[in-house]
Chemist: 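Mind having a look at this structure? Questions to follow.
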There are 2 protein chains.
Amino acid sequence: MEILDKLDIAILKILQQDNFTPQRDIGQQVGLSAAAVQRRMKRMKEEGIIQRNISVVNREKIGRPITLFVEVIMESEKAEYIDTTKAIFRATPEVQQCYYVTGDADFVLIIVVPSMHDYELLTRRIFFGNDNIKHFRTMVAMDLVKVGLDVSLDTILA
Amino acid sequence: MEILDKLDIAILKILQQDNFTPQRDIGQQVGLSAAAVQRRMKRMKEEGIIQRNISVVNREKIGRPITLFVEVIMESEKAEYIDTTKAIFRATPEVQQCYYVTGDADFVLIIVVPSMHDYELLTRRIFFGNDNIKHFRTMVAMDLVKVGLDVSLDTILA
DNA sequence: GTAACAAATGAAACAAAATTGCACAAATAC
DNA sequence: GTATTTGTGCAATTTTGTTTCATTTGTTAC
């Protein structure tokens, strides 16, 4: 099976909000037994529909209050250089998210650091230390209006 | 208590990767009993250090393969207009993330949709339908190089 | 229509994990 | 020094997750 039915989606909606919800409670909400919920969760995990199960840590409370947006423009878009740069971003813990994009920029990064000073040091390491980077443009987040990895599950028919 | 010690951080590191790890296993890895792990998890949850516990759903597998970056520039930065716009973005399920930023743009959005056509329809609703939006600039993600909400916990002393 | 089959389910038994109570040890306050 | 607070491990208890199995549901073949 590869397709999701309404029950799967109802389960995912709950797990996307709180994956510590007991299977019994989920079952009650969606109209299934706990065993059925458990089997569906297992299947969706195996099929990769549920990618990960994680705790989200509050960045402010642990001393990383600065969130930054960075657009990176490369000198050359040769696959080799791009791949090297991807690997660097992937390996840098302060880079929370990295997207390779079309449009005005080549990469878009979300960076989380303790202070602007730390960001400055980071730029020296990962931007100025990389000859293939032509230019980068930084924006500082003032308000984390909405942060999550939720996917809207409303209009799914599949 | 408000401060995190080394054990808390070790626990968070594990939970950030996989919050289904049994407390017993966590305890073994960090050198605590399961009960102690459980108490620390409870405390961190209550203090908001652990913000949420969630499942991450694979966007491709459920028919939402398009990820977009949008920079939004407002006509006016009056608090009233900004707040209204924040509320709209917050309430739009396709808007997965929204940051209010300084710099060239006012908002940065990450949007997840089934197709470019759906994006076009969305832009009509949330951008063209909003007089306070002067301009927006879209970039299309070709590769989700790194996606997560992880916060680097390496250099914490606190 | 009905027989045969496959897939998914619920209930119950079972296993594993989380939670709580309690006594004790370390650190802090007085 | 003693009292107090805080955190701990262990063990008992409770809750949750997992497996088993008989039944139901839905489908296909005849």
Chemist: Within this structure, what is the CZ-to-C1' distance between A/Arg40 and C/dA8, rounded to whole angstrom?
Modeler: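 From A/Arg40 CZ to C/dA8 C1': 8 Å.
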
Chemist: Under 6.0 Å between ring centres: does that hold for A/Tyr99 and B/Phe69?
Modeler: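 Yes, the ring centres sit under 6.0 Å apart.
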
Chemist: With a 4.0 Å cut-off on N to O distance, would you call B/Arg40 and B/Asp5 a salt bridge?
Modeler: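 A salt bridge links B/Arg40 with B/Asp5.
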
Chemist: Checking side chain to side chain donor-acceptor pair (under 3.5 Å) for the pair A/Arg52/B/Ser55: CA distance, chi angles, key distance, verdict?
Modeler: CA-CA 6 Å; A/Arg52 316 173 58 197; B/Ser55 295; over 6 Å; no

Chemist: Please encode protein proximity along nucleotides 10-25 of chain C as a string of B, S and -, counting only heavy-atom distances under 4.0 Å.
Modeler: BB-----BSBBB----

Chemist: Hey, does the side chain of B/Arg43 come within less than 4.0 Å of D/dT6's phosphate (OP1/OP2), counting only N and O?
Modeler: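 B/Arg43 to D/dT6 OP1/OP2: no side-chain N or O under 4.0 Å.
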
Chemist: Please name the residue in the list A/Leu15, A/Leu7, A/Leu32 that meets the side-chain contact (heavy atoms from CB on, under 4.5 Å) test with A/Ile26.
Modeler: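 Between A/Ile26 and the candidates, side-chain contact (heavy atoms from CB on, under 4.5 Å) is satisfied uniquely by A/Leu15.
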
Chemist: Given atom CD1 of B/Ile26 and atom P of D/dT8, what is their separation to the nearest angstrom?
Modeler: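 Checked: the CD1 to P distance equals 14 Å.
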
Chemist: Round to a whole Å and report the spacing from CG of A/Asp8 to P of C/dA7.
Modeler: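 Nearest whole value for this atom pair: 16 Å.
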
Chemist: Could you check whether A/Asn19 and B/Asn19, counting side-chain N and O atoms only, form a donor-acceptor pair closer than 3.5 Å?
Modeler: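 Short answer, yes.
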
Chemist: To the nearest Å, how far apart are B/Leu4 CG and D/dT6 P?
Modeler: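 Rounded to the whole Å, the gap is 17 Å.
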
Chemist: Check the distance between D/dG7's P and B/Asp5's CG and give it to me in whole angstrom.
Modeler: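 Rounded to whole Å, this separation is 9 Å.
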
Chemist: Does the ring centre of B/Phe136 sit less than 6.0 Å away from the ring centre of B/Phe128?
Modeler: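 Yes: the rings meet the under 6.0 Å criterion.
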
